[in-house]
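Notes to accompany the following structure.
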2 protein chains.
Amino acid sequence: MTGTRSTRQRDVIAQVLGRAPGPLAVAEVFERAQDDLPGLGIATVYRTLKLLTEQGRIHPVTLDGETLYEAAGKGHHHHFSCNQCGRVFTLHTCPVTLPSGTVYPGGFVVEAHEVTLYGQCPECAAG
Amino acid sequence: MTGTRSTRQRDVIAQVLGRAPGPLAVAEVFERAQDDLPGLGIATVYRTLKLLTEQGRIHPVTLDGETLYEAAGKGHHHHFSCNQCGRVFTLHTCPVTLPSGTVYPGGFVVEAHEVTLYGQCPECAAG
DNA sequence: GTCTTTGCAAACCATTTGCATATTC
DNA sequence: GAATATGCAAATGGTTTGCAAAGAC
C-alpha cells in the first residue's frame with residue numbers, strides 16, 4: 001500500500017496547513033514548510049498535497065484563479081478574501097440557508113453551496 | 001490607441017460568450033469561435049479575452065480550478081455547477097442578503113459576495 | 001499608407017513525472 | 001532487506017510573447 005508511511009515531510013506539510021488561519025497557496029505551503037525542513041523539494045509538496053487531498057485530510061479551494069489548500073474537518077464554513085492585502089480567511093458563519101434538496105427555479109437541484117465574501121479584513125479596515 | 005479596432009475575431013468571440021447560457025472555458029470559446037471562423041488562433045482567443053476583460057465587457061469566473069469567462073451586464077447573479085455533467089449555468093436568483101458594508105464577526109467588512117451552488121442541473125435531474 | 005491585429009512558433013512557468021538515492025518499517 | 005518516499009532534473013501542458021504578414025481605417 002502506498003501513501004501510508006509517516007515521513008517528516010508529510011508531517012510538516014500537514015502541520016503547516018493545520019495552523020494556518022485560512023487556505024494557503026502551494027508556494028506559501030512550500031515556504032512555510034521549508035522553515036521547518038530546509039532541503040524540502042517542491043515536487044514533494046505537490047505530491048503530498050495531492051496525497052492528503054485524496055485521503056480527505058485537506059481540501060482544495062479555488063479562489064480568483066488560484067488553487068489554495070486548507071485542512072479538512074473544520075465543518076461547514078466559507079471564505080473571506082481581503083480586497084486590500086489579498087489574504088484569505090476562514091469564516092465560521094454562513095449567510096445562506098439552503099437545505100440540500102432545495103430546487104431552484106428552472107429545476108436546479110441544490111446539493112451544496114459555496115460562498116466567498118470580498119471586502120476588508122479586520123487589519124486592513126483598521127489601518 | 002490600441003484595442004479599439006473592430007475585427008471579425010473580436011466580434012465572433014464576443015458573440016460566442018453573448019449567447020452562452022453560462023460561463024465558458026477558454027477551450028470552449030476557442031472551439032465555438034472556430035466554427036464561425038476557421039483558422040482562428042488560440043493566441044488570439046487569449047488576447048481577446050484579456051482585452052474584453054480589461055474593457056469590462058466580459059468577466060472571469062474561477063470555478064473548480066478553471067477560469068471561465070462570461071458576458072458582462074447580466075446584473076447580480078450566481079452560478080450553478082452540475083455535479084454530473086460538469087456544465088456551469090447562470091442563476092438569476094440570489095440566496096444571500098448581504099448589504100455592502102455588513103460587518104461580519106471578527107471585523108470583516110463585506111463589500112461583495114459570490115455564491116456557487118452545486119447539484120444536478122434540470123437535464124441531469126430528469127435523466 | 002500607417003498603425004493595429006493576427007497566426008505561428010518560440011518562450012514561459014507552474015505542475016508532473018522518471019529515476020537513482022535515502023528513508024521507513 | 002524490501003518497499004515506499006524524496007530530491008533533482010527533465011518533461012508536460014496551458015498561457016504568453018516576438019515577429020512578419022494581413023487587415024482596419
Side-chain angles (χ1 to χ4, degrees), chain A residues 1-18 20 23-70 81 86-88, chain B residues 1-18 20 23-70 86 88:
Chain A
M1 177 74 106
T2 182
T4 54
R5 287 195 180 164
S6 167
T7 69
R8 187 130 171 55
Q9 287 84 342
R10 289 176 183 173
D11 293 347
V12 167
I13 290 169
Q15 277 167 30
V16 163
L17 288 171
L24 300 179
V26 175
E28 290 170 324
V29 174
F30 183 44
E31 286 162 20
R32 297 185 190 195
Q34 275 194 318
D35 291 346
D36 293 354
L37 191 55
L40 173 65
I42 185 70
T44 298
V45 174
Y46 279 106
R47 279 189 281 234
T48 302
L49 290 174
K50 190 178 181 185
L51 177 68
L52 295 175
T53 299
E54 283 165 357
Q55 294 179 339
R57 295 176 54 196
I58 65 175
H59 295 303
V61 178
T62 301
L63 220 138
D64 298 321
E66 255 205 317
T67 300
L68 312 178
Y69 292 86
E70 68 185 349
S81 174
R87 284 182 296 174
V88 177
Chain B
M1 175 76 105
T2 183
T4 54
R5 286 196 180 163
S6 166
T7 70
R8 187 128 172 55
Q9 286 84 341
R10 289 176 183 173
D11 292 347
V12 167
I13 290 170
Q15 278 167 31
V16 163
L17 288 171
L24 301 180
V26 175
E28 290 171 324
V29 174
F30 184 43
E31 285 162 20
R32 297 185 190 195
Q34 275 194 320
D35 292 345
D36 292 354
L37 192 54
L40 173 66
I42 186 69
T44 300
V45 174
Y46 280 107
R47 280 189 282 234
T48 302
L49 290 174
K50 188 178 182 186
L51 176 68
L52 294 175
T53 299
E54 284 165 358
Q55 295 178 340
R57 296 176 53 197
I58 65 175
H59 295 303
V61 178
T62 301
L63 219 138
D64 299 320
E66 256 205 317
T67 300
L68 312 177
Y69 292 87
E70 68 185 349
V88 177

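Numbered from 1 within each chain, the chains take letters A, B, ... in sequence-line order. Excluded from the calculations below are hydrogen atoms, water molecules and symmetry mates; all remaining heavy atoms, backbone and side chain alike, are included.
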Inset, instruction - Report the C-alpha separation of A:L49 and A:L17 in whole Å, then their side-chain angles, then the decisive distance to 0.1 Å, and conclude whether the side chain to side chain contact (heavy atoms under 4.5 Å, CB included) test is met. - result: CA-CA 10 Å; A:L49 290 174; A:L17 288 171; 3.9 Å; yes
Inset, instruction - Decide yes or no on side chain to side chain contact (heavy atoms under 4.5 Å, CB included) for A:V12 and A:L40, but give the supporting numbers first. - result: CA-CA 10 Å; A:V12 167; A:L40 173 65; 5.7 Å; no
Inset, instruction - List the steps, then state whether side chain to side chain contact (heavy atoms under 4.5 Å, CB included) holds for B:T67 with B:T62. - result: CA-CA 5 Å; B:T67 300; B:T62 301; 4.2 Å; yes
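Atom CZ in B:R10 sits roughly 13 Å away from atom C1' in D:dC25 (whole-Å rounding). We find that CD1 of A:I42 is positioned 15 Å from C1' of C:dT17, with the value rounded to whole Å. A:D11 places its CG atom 13 Å from the C1' atom of D:dA5, with the value rounded to the nearest Å.
Nearest nucleotide to the side chain of A:Q9, out of D:dT6, C:dG7, C:dC3: D:dT6. Side chain of A:R47, nearest nucleotide from C:dT5, C:dG18, D:dA5: C:dG18. The side chain of B:S6 approaches D:dC25 more closely than any other nucleotide in the set C:dT6, D:dT4, D:dC25. Taking only side-chain atoms of B:R5, from C-beta outward, the nucleotide of D:dA9, C:dC3, D:dT4 with the closest atom is C:dC3.
Using a 4.0 Å cutoff on non-hydrogen atoms, no part of residues 49-59 of chain B comes near DNA chain D. Against DNA chain C, the stretch residues 30-40 of chain B makes heavy-atom approaches under 4.0 Å through B:G39, B:L40.
With rounding to the nearest 0.5 Å, the separation of CZ in A:R10 from CZ in A:R57 is 9.5 Å. Summarising the geometry, atom CZ belonging to B:R47 is positioned 11.0 Å from atom CD1 belonging to B:I42; distances are rounded to the nearest 0.5 Å. B:D11 contributes atom CG, which lies 8.0 Å from atom CZ of B:R8 (distance to the nearest 0.5 angstrom). For the atom pair OH (A:Y69) and OG1 (A:T53), the distance works out to 5.0 Å, reported to the nearest 0.5 Å.
When each of B:A43 and A:T2 is assigned the nucleotide of DNA chain D bearing its nearest heavy atom, the one mapping closer to the 5' terminus is A:T2.
Between the B:E54 side chain and the B:G3 main chain, no donor and acceptor come within less than 3.5 Å of each other.
Between B:I13 and B:L37, every side-chain heavy-atom pair lies at or beyond the 4.5 Å cut-off.
Neither OP1 nor OP2 of C:dT4 sits under 4.0 Å from any side-chain N or O of B:T7.
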